[in-house]
Amino acid sequence: MAETFVKTAGYGDNLPGEAAALRWLAEAESTGGIRVARVLSVTTDELVEERVTTGAPSAAAARRIGAALARTHAAGAPWYGCAPDGWSGEPWCSQARTPYVAREGATESWGSFFAEHRIMNYVRTLVDRGEFGTSELNLFERVAARLEAGEFDAPQPRLVRDSAVLCARLHGDLWAGNVLWDADPASPTGGVLIDPMAYGGHAETDLAMLALFGYPFLEEVLRGYDEASPLADGWRERVALHQLAPLLLHCVLFGGWYLAEATAAARRYA
């Protein structure tokens with residue numbers, strides 16, 4: 001019998017929702033998307049997954065991870081901020097209540113979605129808690145206004161643009177700990193995804209999150225991605241902009257130095 005990993009519900013956890021996200025991402029495996037940890041069973045109290053055996057990082061595996069992630073993104077999503085197919089429960093993910101967006105409330109542009117449902121959603125929480133004052137609020141409002149005006153909108157990578165869908169199918173919490181290295185050195189996708197906050201968004205957001213806290217052979221991941229699905233011109237200049245969402249989420253969850261880090265990043269785009 002295969003080894004399993006059992007996750008029990010803590011405060012704010014929606015395990016059936018997490019299982020839906022894992023299954024939604026796994027749909028892309030049939031078209032070469034990155035491998036996703038298998039859901040074996042789920043209740044409101046317990047999520048049972050296959051236990052992933054991890055291996056050592058390598059440049060070759062990193063390039064395969066990048067290419068496979070591009071194909072997962074290309075599986076697409078019907079609108080910005082949509083929940084994974086099969087989602088049940090409250091319309092948000094994570095303890096910070098990051099909102100999902102109903103179809104009737106969806107925006108046509110990424111900038112409008114990112115401004116309202118990511119940047120200002122978190123900023124209003126931080127202002128209400130007294131962790132941001134008037135100057136920080138004004139700063140992020142300037143960034144949001146430029147986003148809403150479309151100044152930072154950019155085409156999705158080529159595979160997403162060619163797939164007749166509006167936006168990319170994102171993992172949503174793509175830091176190094178959630179992209180495991182596959183123990184099989186011949187694995188066609190190089191890695192395995194766990195612990196998603198999946199939604200429909202811009203592919204550059206997942207890549208920016210992966211860069212935020214560092215990842216072994218990151219440049220090889222990016223090279224593999226770009227070879228499979230070329231990124232839009234100027235994407236490197238937008239990395240810190242896309243990182244504002246996870247930075248602000250960390251401000252909500254942890255505070256501390258993330259507050260200064262988020263405001264410093266925002267000044268580049270105000």
Side-chain angles (χ1 to χ4, degrees), residues 1-7 18-42 47-77 84-86 156-163 165 168-199 201 203-231 235-236 239:
M1 182 177 177
E3 291 189 59
T4 60
F5 172 81
V6 179
K7 181 175 182 178
E18 184 173 332
L22 288 164
R23 289 167 174 150
W24 190 55
L25 293 170
E27 290 175 3
E29 290 184 36
S30 63
T31 55
I34 191 167
R35 181 184 157 203
V36 180
R38 294 284 179 273
V39 175
L40 302 179
S41 65
V42 64
L47 171 60
V48 182
E49 305 171 31
E50 67 166 325
R51 181 174 293 277
V52 177
T53 303
T54 57
S58 73
R63 191 172 295 198
R64 293 197 298 273
I65 286 172
L69 181 62
R71 291 188 283 271
T72 294
H73 286 166
D85 289 346
Q156 294 276 1
R158 182 181 60 79
L159 285 181
V160 180
R161 296 201 303 270
D162 290 352
S163 64
V165 296
R169 186 171 303 200
L170 300 190
H171 177 280
D173 190 20
L174 201 72
W175 71 288
N178 288 342
V179 191
L180 305 181
W181 297 86
D182 200 313
D184 179 2
S187 165
T189 70
V192 186
L193 299 182
I194 62 171
D195 290 349
M197 288 173 50
Y199 67 94
E204 290 180 12
T205 303
D206 259 358
L207 296 176
M209 179 65 181
L210 195 60
L212 182 57
F213 300 116
Y215 192 72
F217 300 104
L218 177 61
E219 284 302 315
E220 290 300 314
V221 173
L222 297 171
R223 184 173 291 111
Y225 191 108
D226 193 55
E227 288 172 350
S229 185
L231 292 152
W235 69 268
R236 287 189 187 271
V239 168

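These numbers were taken from a predicted model, which means no experiment stands behind them.
- Separating the CD1 atom in I194 from the CG atom in N178 is a distance of 5.0 Å, to the nearest 0.5 Å.
- Classification of the F217-W181 ring pair by plane angle, with boundaries at 30° and 60°, yields perpendicular.
- Salt-bridge check for R236 with E219: passed, with a basic side-chain N closer than 4.0 Å to an acidic carboxylate O.
- Inter-residue side-chain proximity for E49 and E18 is flagged as met; some heavy-atom pair is nearer than 4.5 Å.
- With a 4.5 Å cut-off on side-chain heavy atoms, R158 and L231 do not count as touching.
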Let's go through Y199 and W24 carefully: what are the C-alpha distance in whole Å and the side-chain angles of both, what is the deciding distance for ring pair (Phe, Tyr, Trp, His ring centres under 6.0 Å) to 0.1 Å, and is it a yes or a no?
CA-CA 10 Å; Y199 67 94; W24 190 55; 8.7 Å; no

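- The CD atom of E220 sits 11.0 Å away from atom CD1 of I65, with the distance rounded to the nearest 0.5 Å.
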Are L207 and L69 close enough, and set up right, to give a side chain to side chain contact (heavy atoms under 4.5 Å, CB included), and what steps lead you there?
CA-CA 9 Å; L207 296 176; L69 181 62; 3.8 Å; yes

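- Minimum heavy-atom separation, T72 to A28: CA-CB, 3.7 Å.
- Nearest heavy-atom pair across P230 and R161 is O-NH1, 4.2 Å.
- Counting heavy atoms from C-beta outward, V179 and L174 have side chains that approach closer than 4.5 Å.
- Residues L210 and W175 have side chains not in contact (no heavy-atom distance under 4.5 Å, counting atoms from C-beta outward).
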Side chain to side chain contact (heavy atoms under 4.5 Å, CB included) between F5 and L40: does it pass, once the steps are laid out?
CA-CA 10 Å; F5 172 81; L40 302 179; over 6 Å; no

May I have the step-by-step check of side chain to side chain contact (heavy atoms under 4.5 Å, CB included) for E27 and R169, ending in yes or no?
CA-CA 10 Å; E27 290 175 3; R169 186 171 303 200; 2.9 Å; yes

Could you go through the side chain to side chain contact (heavy atoms under 4.5 Å, CB included) check for R63 and Y225 one step at a time?
CA-CA 7 Å; R63 191 172 295 198; Y225 191 108; over 6 Å; no

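- Of all the heavy atoms in L47 and A19, the pair that sits closest is CD1-CB, 4.0 Å.
- When side chains are defined from C-beta on, H171 counts as touching D206, because their heavy atoms get closer than 4.5 Å.
- Proximity of I34 to R64: side-chain heavy atoms (C-beta onward) are nowhere separated by under 4.5 Å.
- Looking at every heavy atom in both residues, L25 comes nearest to L193 through CD1-CD1, 4.4 Å.
- Of all non-hydrogen atoms in A168 and A77, the two that sit nearest each other are O-CB, 3.8 Å.
- Ionic pairing of R71 and E29 is not present here: no N-O contact between side-chain nitrogen and carboxylate oxygen is shorter than 4.0 angstrom.
- Residue pairs meeting the salt bridge (charged side-chain N to carboxylate O under 4.0 Å, His left out) criterion with at least one member in residues 171-185, sequence neighbours excluded, are R35-D182.
- When every heavy atom of G32 is checked against every heavy atom of T189, the shortest pair comes out as O-CG2, 4.2 Å.
- Looking at Q156, its side chain does come within 3.5 Å of a backbone N or O of A203 through a donor-acceptor pair.
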